[in-house]
Amino acid sequence: MQGHSSKSIADNLNISAGTVKVHRKNIHARLKTSTQSEIFTLFLAHLKAIDS
């Protein structure tokens with residue numbers, strides 16, 4: 001969510017950039033999103049729902 005590149009995430013987690021890309025693709029497929037901002041919007045809506 002902090003806008004890290006796949007390479008940056010991979011370096012921090014000691015995995016390949018390809019693995020990060022696969023995980024991102026799977027997250028987008030499950031959430032039916034195509035951008036990180038859409039995921040963030042869903043996250044904020046979820047927080048609002050559990051706060052109510």
Side-chain angles (χ1 to χ4, degrees):
M1 286 295 162
Q2 295 179 352
H4 288 274
S5 68
S6 292
K7 179 164 178 11
S8 172
I9 293 167
D11 290 344
N12 283 317
L13 297 176
N14 296 317
I15 59 176
S16 75
T19 300
V20 174
K21 289 178 184 180
V22 167
H23 284 300
R24 282 186 174 189
K25 180 181 172 186
N26 290 336
I27 290 167
H28 284 298
R30 286 185 182 185
L31 296 177
K32 296 178 176 71
T33 60
S34 59
T35 66
Q36 208 167 340
S37 65
E38 288 176 300
I39 292 172
F40 190 66
T41 300
L42 290 173
F43 172 69
L44 292 177
H46 176 73
L47 289 180
K48 185 176 179 182
I50 61 173
D51 191 41
S52 298

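Values below: all heavy atoms of this structure, side chains included; hydrogens, waters and symmetry mates excluded.
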S.K.: Keeping to residues at least two apart or across chains, list the salt bridge (charged side-chain N to carboxylate O under 4.0 Å, His left out) pairs with something in residues 32-52.
M.R.: none

S.K.: Over all heavy atoms of both residues, which pair between Ala17 and Ala10 is shortest? Give the atoms and the distance, please.
M.R.: N-CB, 3.5 Å

S.K.: Hey, what else clusters with Val20 if you join Ile, Leu, Val, Met, Phe, Trp, Tyr whenever side-chain heavy atoms sit under 4.5 Å?
M.R.: Ile9, Leu13, Ile15

S.K.: Who passes side-chain hydrogen bond (donor to acceptor under 3.5 Å, both in side chains) against Thr41, sequence neighbours left out?
M.R.: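 If we apply the side-chain hydrogen bond (donor to acceptor under 3.5 Å, both in side chains) test to Thr41, skipping adjacent residues, there are no hits.
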
S.K.: Suppose we screen for salt bridge (charged side-chain N to carboxylate O under 4.0 Å, His left out). Which residues come up paired with Lys7, at least two apart in sequence or across chains?
M.R.: Asp11

S.K.: side-chain hydrogen bond (donor to acceptor under 3.5 Å, both in side chains): which pairs involve residues 19-29, sequence neighbours left out?
M.R.: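 Every pair satisfying side-chain hydrogen bond (donor to acceptor under 3.5 Å, both in side chains) with a residue in residues 19-29: Ser16-Thr19, His28-Thr33.
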
